Amino acid sequence: MAKSTTKDMASGSPMKLILGFAIPMLLGLLFQQCYSMVNTIIVGKWLGVNSLAAVGSTGSINFMIIGFCTGICSGFAIPSAQKFGAGDYKALRKFVANSFWIAAIFSVIMTIVFCLLCMDILRWMKTPSDIIDEAYSYIFVIFLGIPATYLYNLLAGIIRSLGDSKTPVYFLTISSVLNVILDLISIGILDMGVAGPAWSTVISQAVSGILCLIYIRKRFDILKIQGDEWKFDGHYIKMLCMMGIPMGLQYSITAIGSVILQTSVNSLGSLAVASVTAGSRVSTFFCCPFDALGGTIATYAGQNVGAKRLDRINQGLKAAILIGAVYSVVACLILSFFGKTISLLFMDAKEVEILHQVQQFLLYNSLFYIPLALVNIVRFCIQGMGYSAFAILAGVCEMGARTLAGFLLVPLFGYTAVCFASPLAWVCADLFLIPAYLHCMKKLRKMFGEYKGSKGTALV
């Protein structure tokens with residue numbers, strides 16, 4: 001019988017556990033960002049600034065749709081983490097089985113709907129006429145790959161919920177290398193234009209998802225689902241939806257503001273779109289540690305809620321915030337001095353105006369990385385505690401800030417307002433999330449009667 005590689009996060013040093021879990025997860029996120037980074041580098045260098053702008057103009061709608069897929073899968077993993085923490089493996093398997101059913105249904109419906117609406121969405125966003133055809137060629141393929149997105153994120157989330165953050169990294173390493181090879185073939189040999197990198201992304205993610213599936217079947221004995229455990233169960237479906245849909249909506253609601261902001265950026269012309277595209281790619285890469293800390297604290301909080309170890313949640317949150325703050329300062333210094341140099345990966349040095357705007361974007365964003373760290377860590381901690389609905393409200397705060405920037409500030413202050421839009425959104429979200437965390441902790445203490453003992457029953 002194959003040996004399981006689960007990890008109990010309800011005991012031991014919180015700082016050590018969080019670092020040990022977050023570092024492999026960070027590597028996975030960095031490899032995942034390689035998809036986007038390599039696509040952008042190859043498109044910008046080989047196909048030109050207009051093609052770069054075309055891919056970039058789809059960034060916000062890509063985030064809204066694919067972010068929903070990622071968020072809902074992360075939410076589905078929370079009950080698994082809580083049941084694992086409680087030692088209730090039969091319920092764990094039922095949650096996993098029912099998450100497969102929901103993910104399959106959602107992926108089919110979303111693929112059909114968004115592929116049909118793809119061009120209309122780009123027109124609604126006022127995508128510049130000189131790049132709209134290439135933008136369509138790229139995002140249509142990405143939408144066709146929604147099932148692959150669900151497959152990987154659901155299975156990787158399940159693996160991480162059991163305390164194994166390393167294995168998804170190995171599979172993403174393989175798929176990242178495959179992605180680079182397919183990019184070079186699709187553009188350099190097959191001359192597929194911007195559709196080539198899109199197909200490379202979809203195929204690579206499908207491969208990583210299939211590898212996760214094979215690994216789960218071979219290595220996790222506690223996930224060997226049998227008999228009635230595969231049954232479509234209304235109770236489990238309800239609990240999964242209560243966790244997953246709010247997390248998915250959190251991404252989508254946040255992204256609505258980004259879509260509105262992107263529409264305003266589009267109105268500034270192709271050069272502004274290209275600048276934001278390159279700046280966003282660099283910033284997103286540097287923000288991977290915040291995502292890793294968020295994913296880590298969600299699993300950590302979920303397992304400790306399942307074990308009724310509320311005291312450890314506070315300890316883990318403080319450790320994660322400390323790590324995030326230290327990294328924020330380091331990242332800000334790097335981007336302040338070397339941001340323009342890094343952006344040369346995406347374009348030629350002769351694009352002086354774009355390079356200047358990219359540097360401006362990176363500087364203003366990185367100055368607010370500590371608020372961003374708080375957004376990710378506190379929000380995912382709340383979700384791991386079982387209160388995913390609060391993520392929607394935090395998303396509303398971010399949406400409102402970006403909408404304000406898009407409708408009011410960009411017309412008044414132009415590109416500078418674009419640079420400050422996300423920092424404004426992060427600060428607004430923090431003003432909601434910090435009191436929300438204290439409220440959720442108070443509710444859990446009341447529910448558990450101040451119990452701080454060893455393992456007990458899970459929250460769900």
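This chain uses plain numbering: 1 for the first residue, then up along the sequence. A quick note: this is a predicted structure, and the numbers were derived from the prediction, not measured.
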Could you give the distance from CG (Leu372) to CG (Leu367), rounded to the nearest 0.5 Å?
13.0 Å
How many angstroms lie between CZ in Phe337 and CG in Leu362, if you round to the nearest 0.5 Å?
14.0 Å
Tell me every residue that passes side-chain hydrogen bond (donor to acceptor under 3.5 Å, both in side chains) with [X], counting only those two or more places apart in sequence or in another chain.
X      : answer
Tyr369 : Ser283
Tyr236 : none
Asn98  : none
Ser280 : none

Does a side-chain heavy-atom distance below 4.5 Å link [X] with [Y]?
X      : Y      : answer
Lys443 : Met447 : no
Leu240 : Pro79  : yes
Val358 : Leu355 : no

Not counting sequence neighbours, which residues clear side-chain contact (heavy atoms from CB on, under 4.5 Å) with Leu92? List them please.
Ser80, Lys83, Tyr89, Val96, Leu162, Ile222, Leu223
Please enumerate all residues that pass side-chain contact (heavy atoms from CB on, under 4.5 Å) together with Met110, with sequence neighbours excluded.
Ile65, Phe68, Cys69, Phe114, Ile146, Tyr150
Non-neighbouring partners of Phe286 that pass ring-ring contact (aromatic ring centres under 6.0 Å, His included), sequence neighbours left out:
none
Pairing residues for Phe390 by the ring-ring contact (aromatic ring centres under 6.0 Å, His included) criterion, not counting sequence neighbours:
His439
Assess, by modelled atom type and distance only, whether the side chains of Thr149 and Gln205 contain a donor and an acceptor separated by less than 3.5 Å.
yes
Side chains of Thr167 and Tyr215: donor-acceptor distance under 3.5 Å anywhere?
yes
Between side-chain atoms of residues 413-436 and protein atoms elsewhere (two or more places apart, or another chain), which donor-acceptor pairs fall under 3.5 Å?
{"residue": "Tyr415", "atom": "OH", "partner": "Gln357", "partner atom": "O", "Å": "2.9"}
{"residue": "Thr416", "atom": "OG1", "partner": "Gln360", "partner atom": "NE2", "Å": "3.2"}
{"residue": "Ser422", "atom": "OG", "partner": "Arg402", "partner atom": "NH2", "Å": "3.3"}
{"residue": "Asp430", "atom": "OD1", "partner": "Val375", "partner atom": "N", "Å": "3.2"}

Backbone N/O of Phe338 and side chain of Gln359: donor-acceptor pair under 3.5 Å
no
Heavy atoms of Ile382 and Cys440 approach each other most closely as CG2-SG, 3.9 Å
Can you confirm if the aromatic rings of Phe95 and Phe76 lie within a centre distance of less than 6.0 Å?
no
Sort and list the pairs that fulfil ring pair (Phe, Tyr, Trp, His ring centres under 6.0 Å) and have at least one residue in residues 310-334, not counting sequence neighbours.
Phe290-Tyr327
Pairs touching residues 317-342 that satisfy salt bridge (charged side-chain N to carboxylate O under 4.0 Å, His left out), sequence neighbours left out:
none
What pairs of residues pass the side-chain hydrogen bond (donor to acceptor under 3.5 Å, both in side chains) test when at least one of them lies in residues 101-111, not counting sequence neighbours?
none
